[in-house]
Amino acid sequence: MLTSPTPIAAVASLAALAFEPSLLSKLNQLGPRYTSYPTADRFSDAFGVEAYEQAVSDRRAMGARHALSLYLHIPFCDTVCYYCACNKVVSKNLNKAALYLTYLKREIEMQAALFQGMNQVEQLHFGGGTPTYLSDRQMNELMAHLHQHFQFAPDQLGEYSIEVDPRTVTPKRIVTLRRQGFNRLSLGVQDFDHAVQKAVNRIQAEEDTLRIIDAARFAGFRSVSIDLIYGLPKQSLTSIAQTLDKVIAAAPDRIAIYNYAHMPHLFKPQRRIADSDLPTPASKIDMLFLCIQRLTAAGYVYIGMDHFAKPDDDLAIAQRQGRLHRNFQGYSTHAEADLVSCGVSAISAVGASYSQNEKTLEAYYERLDRQLLPIARGIKLSMDDLLRRLIIQHLMCHFELSPASIEMAHPIKFAEYFAKELAQLKLLEADGLLLLEDDWISVTMKGRLLIRNICMVFDRYLDPVKDPVRYSKTI
């Protein structure tokens, strides 16, 4: 399927993958994506505002002043994409956004007051929904409000990103976004094939997407990322190969290729997708390998799971330097930063805690009307949670683990504490997913495709019998 000569490094990488469809099929099971550990389904409503405020107080007492990462959730879209599993509000009534911003600004003020004196921001991400549902004026006011209440690192140091739907913005809007302080752009594409787009109710002309990428480069954005999905209805190897051709030609700095998780029992819009239109599990595996093959041949670094980046992109550099992190936006830099999230359903990660805001607008507004942070649930991590989170982060981001380094940071004997887990890892070692040595656990290139399976071994909450409907397939 390759249309151009394959670089030597890419050939070595592909050879090391030793792609085995039968093995992937055997191990393709339901499991978490580990954007957090413990995963969000383990959060409890016993964790509330007081517990969150205590987590912030504990961070303050530690004395260290790490920079913050801010996430803002803008839930609105004017149309529904059938594949979408995000928390969103579909409406063409722009007044809803005006009301939402009133409450969002109130939450921002409350969070900023909590972090007074340690509110330096080095990372900002606007997600949704469609953040550009907001007008230029609304975005100006929101950014000014953020800068009024938080201190932001200079543009050359900070990473300030926004998700953009190319169907809803013009090149002029892209220039405006850069002027408003954003320096990274993420574009949803999913697939350029018209039949696939029609099946998921997202008609998006290739020309519109390319025009926005060109505008981002003209405006001086440091990085442009494209999101694709494999496993969509009507999708085939041919359609995804043609999409890859077009994406590679556009040369974005990062590419994320997500596995479509068809879970209509959880996400109502997916009920409009016919099961008969979905590719077979075997076809999905072929699609994944094609994506890895084509993108590594084009010079992209396979970061892991679903992320690719150019070698000089900050994501690839962070991985080489051991600074890569995984959070609710996927792979990320700034591993040391606390994540403070504002907006309906948004999840924060502060110190040894996770907390999630109310999931409906009504409940979100009601909490803020009572002058309370809109936290609905969360979890305080135990020492065991922190230990396992560290292990899962290392495996997800760096694909290797030093038991000796774990023993230096925690009062355990690794081989004794994780005796059961090591026995399970030996089974995965027999399948060629990793190497178990006295001083290292190393994930093979084959194992990178199934890194979720490896991490699941260390998840003490996971019960495959009780939890199967909660998760997507690992491939």
Side-chain angles (χ1 to χ4, degrees), residues 43 45 47-57 59-60 67-77 86-89 91 93-121 123-152 160-163 180-182 328-329 337-351 353-378:
F43 296 177
D45 57 11
F47 184 103
V49 174
E50 289 184 2
Y52 177 76
E53 291 175 342
Q54 183 61 53
V56 178
S57 177
R59 291 300 273 173
R60 186 182 298 278
L68 298 179
S69 176
L70 282 184
Y71 172 75
L72 268 65
H73 190 75
I74 311 298
F76 302 102
C77 298
C86 299
N87 186 299
K88 59 195 173 297
V89 177
S91 176
N93 180 4
L94 300 183
N95 290 329
K96 285 192 173 184
L99 177 62
Y100 180 73
L101 285 174
T102 300
Y103 284 93
L104 181 62
K105 290 174 183 176
R106 192 179 303 172
E107 185 188 3
I108 289 168
E109 292 171 12
M110 296 169 74
Q111 289 280 14
L114 268 181
F115 283 89
Q116 186 65 40
M118 50 181 191
N119 63 354
Q120 169 90 358
V121 175
Q123 197 170 41
L124 171 69
H125 185 79
F126 275 52
T130 306
T132 47
Y133 186 93
L134 304 181
S135 68
D136 282 346
R137 179 185 59 79
Q138 288 172 328
M139 189 68 77
N140 267 332
E141 292 175 355
L142 180 55
M143 291 299 286
H145 195 76
L146 284 169
H147 281 267
Q148 179 183 348
H149 293 280
F150 288 91
Q151 298 176 13
F152 282 75
Y160 308 130
S161 62
I162 184 169
E163 298 171 9
Q180 288 167 335
F182 297 101
F328 296 99
Q329 284 78 58
D338 284 317
L339 173 64
V340 179
S341 299
C342 298
V344 64
S345 78
I347 300 176
S348 296
V350 177
S353 76
Y354 293 108
S355 57
Q356 183 171 28
N357 283 352
E358 295 283 1
K359 291 185 176 182
T360 68
L361 291 178
E362 293 76 13
Y364 178 74
Y365 295 161
E366 191 272 337
R367 290 261 191 169
L368 288 164
D369 279 337
R370 291 193 286 131
Q371 301 301 312
L372 295 172
L373 283 170
I375 294 170
R377 61 188 191 129

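Numbers here simply count residues along the sequence, with the first being 1. Note: hydrogens, waters and symmetry copies are ignored here, and every other heavy atom, side chains too, is used.
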For Lys359, does the NZ atom sit with more than 12 other heavy atoms under 6.0 Å from it, leaving out its own atoms?
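Incorrect, the count does not exceed 12.
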
Around atom CD of Glu50, are there more than 12 heavy atoms from other residues, nucleotides or ligands closer than 6.0 Å?
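Atom CD in Glu50 is not crowded, with 12 or fewer foreign heavy atoms closer than 6.0 Å.
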
Would you say the side-chain atoms of [X] pair up with the backbone N or O of [Y], donor to acceptor, closer than 3.5 Å?
X	Y	value
Ser91	Asn93	yes
Arg59	Met118	no
Thr130	Tyr133	no
Glu107	Gly343	yes
Tyr354	Arg377	no
Gln356	Ser345	yes
Thr102	Ala98	yes

[atom1]/[X] to [atom2]/[Y] distance, rounded to the nearest 0.5 angstrom?
X	Y	atom1	atom2	value
Leu72	Phe126	CG	CZ	4.5 Å
Met139	Ile162	CE	CD1	3.5 Å
Leu124	Ser69	CG	OG	8.0 Å
Leu361	Leu99	CG	CG	8.0 Å
Gln138	Asn140	CD	CG	10.5 Å

pair [X]-[Y]: side-chain heavy atoms closer than 4.5 Å:
X	Y	answer
Asn357	Ile375	yes
Phe115	Leu68	yes
His73	Tyr71	yes
Glu109	His145	yes
Tyr365	Val344	no
Ser348	Leu339	no
Glu366	Glu358	no
Lys88	Phe76	no

Output yes when Glu141 and Arg137 qualify as a salt bridge under the 4.0 Å nitrogen-oxygen rule, no when they do not.
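Judged by the 4.0 Å cut-off on N to carboxylate O distance, Glu141 and Arg137 do form a salt bridge.
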
To check you understand the geometry: which heavy-atom pair defines the closest contact between [X] and [Y], and what is its length?
X	Y	result
Leu146	Ile108	CD2-CD1, 3.7 Å
Met110	Leu372	CE-C, 3.4 Å
Leu368	Arg106	O-NH1, 3.3 Å
Leu373	Val49	O-CG2, 3.3 Å
Ala346	Ser341	CB-CB, 3.6 Å
Glu163	Gly128	OE1-N, 3.5 Å

Apply the test side-chain contact (heavy atoms from CB on, under 4.5 Å) to residues Phe152 and Leu70: give CA-CA distance (whole Å), side-chain angles for both, the deciding distance (0.1 Å), then the verdict.
CA-CA 10 Å; Phe152 282 75; Leu70 282 184; 4.2 Å; yes

Could you check whether Tyr160 and Gln180, counting side-chain N and O atoms only, form a donor-acceptor pair closer than 3.5 Å?
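Side-chain D/A pair, Gln180 to Tyr160: absent.
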
Ignoring hydrogens and geometry beyond distance, is a side-chain donor-acceptor pair present between His149 and Gln111 at under 3.5 Å?
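Per modelled atom types, His149 and Gln111 side chains form no pair under 3.5 Å.
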
Starting from the C-alpha separation in whole Å, work towards a yes-or-no answer on side-chain contact (heavy atoms from CB on, under 4.5 Å) for Cys342 and Leu104.
CA-CA 7 Å; Cys342 298; Leu104 181 62; 3.8 Å; yes

Show your reasoning for whether side-chain contact (heavy atoms from CB on, under 4.5 Å) applies to Leu101 and Leu134.
CA-CA 9 Å; Leu101 285 174; Leu134 304 181; 3.9 Å; yes

Test Ser353 against Phe47 for side-chain contact (heavy atoms from CB on, under 4.5 Å), laying out the working first.
CA-CA 9 Å; Ser353 76; Phe47 184 103; 3.9 Å; yes

